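Taking it in order: structure first as structure tokens, then the write-up.
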Amino acid sequence: MAAALRRGSRRLLGRWYQQHGDFALASTRFMASKTHVGFIGLGNMGNPMAKNLLKHGYPIIATDVFPESCKELQELGAQILDSPAEVAEKADRIITMLPSSPNVVDVYTGPNGILKKVKKGSLLIDSSTIDPAVSKEMAAAAEKMGAVFMDAPVSGGVGAASSGKLTFMVGGPEEEYQAATELLNCMGANVVHCGQVGTGQAAKICNNMLLAIGMIGTAETMNLGIRLGLDPQLLAKILNMSSGRCWSSDTYNPVPGVMEGVPSANNYQGGFGTQLMAKDLGLAQNTATNTKTPIPLGSLAHQMYRMMCARGYAGKDFSSVFQFLREEEEKSQ
């Protein structure tokens, strides 16, 4: 019933448009017809995701543990509240984008959590990357309160979040999938239903394990080629027209000077942090252990990114593995 009401109301909706870098209201009448969307977690990914919802005309009610993270969104018209519980009191569709499993547990079930004030029939979409078991726990807790929880982790990084081209991997009840898709399509180019709650997280963990392995392989390859006297731009060009081509080589190259607009061109600032990659690889390691699945390369990647965190790379983009390898090389000489 709640899903049907949400779908009916959204048929009446208009859009915001963006002109000369400013947000503008296409029609105050249409804007008023759109129901509020709650957004919790306005970090590197959450902030641009919430902005894209604003662009599509959804009034946003948001909060973040760091008040300074809310300032820009507030200036664009979002209503900022003090806690997840307050957001849940005012919005029956809420998206969360948080760093880790403990953060998700606290935001949903803590003293000021969403489930303290959640409305019956609310749709709760978590785009964090966490342990699938935690997603299932949150879904069970939400169900007891008459709400629906879906996991919808993302792939694509900050660039895709800003341009609205994320890929969402969704786990949850099929009957609520369409209602979730109407919001997720405002922030992403691909929305895929993976199955029941937890399967979205499973897909994301597998993707990020491959991403980490591929990035390490690209960094090692580029470093070896440079040591052999190859120009890095030439080597990247050859790789990208050959069988070694991958996302890390043709879209997110880890070598400074090879590509523009990527973290390696900005001292590895921005993008997807090494600490977060280590966290995701830890999730992959835990689930592999629990399911008795061999992941020798995934385990080595986890070890390398943990080592990088210990060596001062935690806040740098995960492509800084190239810089880390060069540093190790210099130490051995």
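Computed from a prediction, not measured in an experiment: that's the story for all the values here.
Checking Ser299 against Gln285 by side-chain atom types alone, a donor-acceptor pair falls below 3.5 Å. A donor-acceptor contact closer than 3.5 angstrom links the side chains of Thr96 and Tyr108. Judged by distance alone, the side chains of Thr35 and Arg93 do bring a donor and an acceptor atom under 3.5 Å apart. Ser100 and Asn103 form a side-chain donor-acceptor contact under 3.5 Å, judged by distance and modelled atom types alone. Residues Lys204 and Thr129 bring a donor and an acceptor atom of their side chains to less than 3.5 Å of each other. One side chain, Asn208 or Asp280, offers a donor N or O that lies under 3.5 Å from an acceptor on the other. Using modelled atom types and a 3.5 Å distance limit, the side chains of Asn190 and Thr167 yield a donor-acceptor pair.
Within the 4.5 Å cutoff, the side chain of Met304 has no heavy atoms near those of the Leu300 side chain. Taking the side chain as every heavy atom from C-beta outward, Glu327 and Phe322 never approach each other to under 4.5 Å. Two residues are said to be in side-chain contact when any heavy atoms from C-beta on lie closer than 4.5 Å; Ser135 and Phe149 meet this criterion. Contact of the Val154 side chain with the Met187 side chain is not registered, since no non-hydrogen atoms from C-beta on lie closer than 4.5 Å. Between Ile61 and Val37 the shortest side-chain heavy-atom distance does not fall below 4.5 Å. Between Lys316 and Asn267 there is a side-chain heavy-atom pair separated by less than 4.5 Å. When side chains are defined from C-beta on, Pro256 counts as touching Tyr268, because their heavy atoms get closer than 4.5 Å. Counting heavy atoms from C-beta on, the side chains of Leu42 and Phe66 never come closer than 4.5 Å.
In terms of modelled atom types and a separation under 3.5 Å, the side chain of Asp151 and the main chain of Gly198 share a donor-acceptor contact. No donor-acceptor distance shorter than 3.5 angstrom exists from the side chain of Lys117 to the backbone of Pro84, with no hydrogens or angles considered. When atom types are taken as modelled, the side chain of Ser242 and the backbone of Ile238 share a donor-acceptor pair closer than 3.5 angstrom. Checked by atom type and distance alone, the side chain of His193 pairs as donor or acceptor with a backbone atom of Gly172 at under 3.5 Å. Under a 3.5 Å cut-off, the side chain of Asn240 and the backbone N or O of Ser249 do form a donor-acceptor pair. For the pair Ser128 (side chain) and Leu98 (backbone), a donor-acceptor distance under 3.5 Å is present. When atom types are taken as modelled, the side chain of Asp317 and the backbone of Ser320 share no donor-acceptor pair closer than 3.5 angstrom. In this structure a side-chain-to-backbone donor-acceptor pair under 3.5 Å is missing from Asn47 to Gly43.
What you find for Met209 and Ala284 is that their closest heavy atoms are SD-CB, 4.2 Å. The two residues Ala301 and Ala212 make their nearest non-hydrogen contact at CB-CB, 4.3 Å. Listed here is the closest heavy atom pair of Pro132 and Gln201: CG-CB, 3.9 Å. Taking all atoms of both residues into account, the shortest heavy-atom contact from Ala91 to Ser122 is O-OG, 4.3 Å. Nearest heavy atom pair, residue Asn253 against residue Val258, reads CG-CG1, 3.7 Å. Contact between Ala161 and Asn52 at its shortest, heavy atoms only, is O-ND2, 2.8 Å.
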Check step by step if ring pair (Phe, Tyr, Trp, His ring centres under 6.0 Å) holds for Tyr252 and Phe318. CA-CA 10 Å; Tyr252 211 82; Phe318 80 105; 5.7 Å; yes
Worked verdict on Glu72 versus Lys51 for salt bridge (Lys or Arg N to Asp or Glu O under 4.0 Å): CA-CA 9 Å; Glu72 185 180 5; Lys51 282 183 187 176; 2.6 Å; yes
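The same ILVMFWY cluster, assembled from side-chain heavy atoms under 4.5 Å apart, contains both Val321 and Met307. Met145 and Ile114 end up in the same hydrophobic cluster when Ile, Leu, Val, Met, Phe, Trp and Tyr side chains are linked at under 4.5 Å. In the hydrophobic clustering of this structure, Phe168 groups with Phe39; members are Ile, Leu, Val, Met, Phe, Trp, Tyr whose side-chain heavy atoms approach within less than 4.5 Å, directly or through other members. Hydrophobic cluster membership differs between Met169 and Met150, with clusters built from Ile, Leu, Val, Met, Phe, Trp and Tyr side chains linked at under 4.5 angstrom. Residues Val158 and Leu53 fall within the same hydrophobic cluster, defined by Ile, Leu, Val, Met, Phe, Trp and Tyr side chains chained together at heavy-atom separations under 4.5 Å.
Screening Asn290, Thr289, Thr291 against Thr293 for a side-chain hydrogen bond (donor to acceptor under 3.5 Å, both in side chains) leaves a single residue, Thr291. Paired with Asn223 under the rule side-chain hydrogen bond (donor to acceptor under 3.5 Å, both in side chains), one option of Gln323, Arg326, Glu328 passes, and it is Arg326.
To the nearest 0.5 Å, the span separating OG on Ser127 from CE on Met97 amounts to 5.0 Å. To the nearest 0.5 Å, atom CG of residue Leu123 and atom CG of residue Asp92 are 8.5 Å apart. Once rounded to the nearest 0.5 Å, the distance linking OG of Ser69 with CD1 of Ile80 reads 10.0 Å. Asp131 contributes atom CG, which lies 8.0 Å from atom CD of Glu137 (distance to the nearest 0.5 angstrom). Here the CD1 atom belonging to Ile95 is positioned 5.0 Å from the CD1 atom belonging to Ile125, to the nearest 0.5 angstrom.
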